[in-house]
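To find a chain, count down the sequence lines: A is the first, B the second, and so on, and within it residues start at 1. The figures that follow rest on heavy atoms only: side chains count, while hydrogens, waters and symmetry mates do not.
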There are 2 protein chains.
Amino acid sequence: MQLTILTFMERKKFNSSPCSIARSLDVLGDWWNPLILRECLYGNNRFDELQEWLGISRNILTRRLKELVENGLLEKSAYQNKPARYEYHLTEKGYDACTVLLALMQFGEHWYFNEGEHPIELRDKKTGDLVQPTIVDANTGKPITSKNLIPCPGPGFKAPQAILKRRFREYYENFS
Amino acid sequence: MQLTILTFMERKKFNSSPCSIARSLDVLGDWWNPLILRECLYGNNRFDELQEWLGISRNILTRRLKELVENGLLEKSAYQNKPARYEYHLTEKGYDACTVLLALMQFGEHWYFNEGEHPIELRDKKTGDLVQPTIVDANTGKPITSKNLIPCPGPGFKAPQAILKRRFREYYENFS
DNA sequence: CCCCATAAGTTCTATTATGGAACTTATAGG
DNA sequence: CCTATAAGTTCCATAATAGAACTTATGGGG
């Protein structure tokens, strides 16, 4: 006879992780969600438009839109009643999430397209000027290379010294 | 009688998409891959270290490491023979991919942690100075808000005019 | 009034991916 | 000989996904 053992199996969630990367990945660590945000940035805000441009399965799109709305990146609003029809628009938080898209874009341009043959550009909505996203240090204004970075505990990292020293080994070895 | 119909069903791949975001998502649009890169940035480069810090299933970790190596973000090298033991280190491309982590981090800090209570900080490996990643326009040096951006076709976007006009509707309406 | 079209989802099923746990392999040390 | 360690494999049950067909509410044309 086989005893049934209760197991929990669902996609890992990081919503209580003490790491801002992990927390962001709960909603952005996915193939579809960033692309849905991209489409909203393109001005494709309706269910069928999103489905067509992305080639995503309709049931998945339903779930993802719900998720993005629940997480506050998109806002669902009716653009007509009788029959009720909806649009999904980026919220403040959603626009902020799009900076992750800019980083993805920069990486993709660099590694998957030839110089001067990138498929998309960004322009300022008002002036029409070309905009080229770069990650820099806010303090010095110089471009950041992650090779030169070292993670260290921030003010919100509450943990015993022993754990800190294990987690940020490189930092403690070099700076204390 | 039921005729079996051949269907293809696998995770969508975007490796021929004319979009740098989609291309990047092939390897970065996932919950685990960015976190594995994070761990490598933290100096946790071995299988068991990664498994322990991330709490990822060992079989999944195996597959993901293979994927990251095949995509050129990590490099597998032996740190001892007899018995053969390996480490996974970030490549140039891998370090570049980490700028996406910086964007994720910034977003997470802003929306999931209180001001001044973020769990992690970054410092310059040599000077020890605090580094604060921001996305700016390389031309003007000013911070970018994606709300003010409009996508438009780049030099590598080859398509008939009709498709361009549908895809970049907002751009063509306002700038030509 | 009937038929068709449209938008926004649901529902159904087959195929993959994932999580958890146990097992394997090679070698070193006591 | 027994045990430990590192780096995976293998196995299974459960969850997620793709693809297609179906639903619901409404408006328009004949």
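- For the pair A:Lys82 NZ and C:dA8 C1', the computed distance is 17 Å after rounding to whole Å.
- Whole-Å rounding puts the A:Leu54 CG to D:dA18 C1' distance at 14 Å.
- Between A:Tyr86 and D:dA25 there is no side-chain polar atom (N or O) within less than 4.0 angstrom of OP1 or OP2.
- B:Ile56 has its CD1 atom 13 Å from the C1' atom of D:dG8, to the nearest Å.
- With hydrogens and angles ignored, a donor-acceptor pair under 3.5 angstrom links the side chain of B:Asn59 to the base of C:dG19.
- B:Trp53 and B:Leu73 fall into different hydrophobic clusters, defined by Ile, Leu, Val, Met, Phe, Trp and Tyr side-chain heavy atoms under 4.5 Å apart, directly or through other members.
- In this structure, A:Asn81 places its CG atom 15 Å from C1' of D:dG27, rounding to the nearest Å.
- The local environment of CD in A:Glu75 is sparse, with at most 12 non-hydrogen atoms from other residues, nucleotides or ligands closer than 6.0 Å.
- Following rounding to the nearest Å, A:Trp53 (CH2) and C:dA8 (P) show an atom-to-atom distance of 16 Å.
- Between A:Tyr88 and C:dA7 there is no side-chain N or O to OP1 or OP2 distance below 4.0 Å.
- A:Lys93 NZ: more than 12 foreign heavy atoms inside a 6.0 Å radius.
- You'll find that the side chain of B:Arg63 is closest to C:dA17, out of D:dA16, C:dA17, C:dG19.
- When rounded to the nearest whole Å, the span between CH2 of A:Trp31 and C1' of C:dT18 equals 10 Å.
- Proximity of B:Trp32 to the phosphate of C:dG19: a side-chain N or O atom is located under 4.0 Å from OP1 or OP2.
- Within the 4.0 angstrom heavy-atom criterion, only backbone atoms of the sugar-phosphate kind lie near B:Arg46; the bases stay farther away.
- At whole-Å resolution of the value, CD1 in B:Ile36 and P in D:dA7 are 14 Å apart.
- Between A:Lys66 and C:dA8 there is no side-chain N or O to OP1 or OP2 distance below 4.0 Å.
- Each of A:Pro83 and A:Thr62 lies near DNA chain C, and the nucleotide nearest A:Pro83 is the one positioned closer to the 5' end.
- No more than 12 heavy atoms of other residues, nucleotides or ligands sit less than 6.0 Å from atom CD of B:Glu92.
- Distances from the side chain of B:Asp30 to the nucleotides C:dT18, C:dA8, C:dA28 place C:dT18 closest.
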Check against ring-ring contact (aromatic ring centres under 6.0 Å, His included), B:Phe175 and B:Tyr171: CA-CA 6 Å; B:Phe175 291 98; B:Tyr171 171 69; 5.7 Å; yes

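- For a distance-only test at 3.5 Å, the side chain of B:Arg85 fails to qualify as a donor-acceptor partner of the base of D:dA7.
- Neither OP1 nor OP2 of D:dT10 sits under 4.0 Å from any side-chain N or O of B:Arg58.
- At least one side-chain nitrogen or oxygen of A:Arg64 sits closer than 4.0 Å to the OP1 or OP2 atom of D:dT17.
- For A:Lys76, taking side-chain heavy atoms from C-beta onward, the closest of the listed nucleotides D:dA18, C:dG9, C:dT18 is C:dG9.
- Look at CD1 on B:Ile60: it is 14 Å from P on D:dT10, rounded to the nearest Å.
- Residues B:Arg167 and A:Glu39 are paired through a salt bridge, judged by an N-O separation under 4.0 Å between the basic side chain and the carboxylate.
- Distance from the side chain of B:Phe47 is smallest to D:dA7 among D:dA18, C:dT27, D:dA7.
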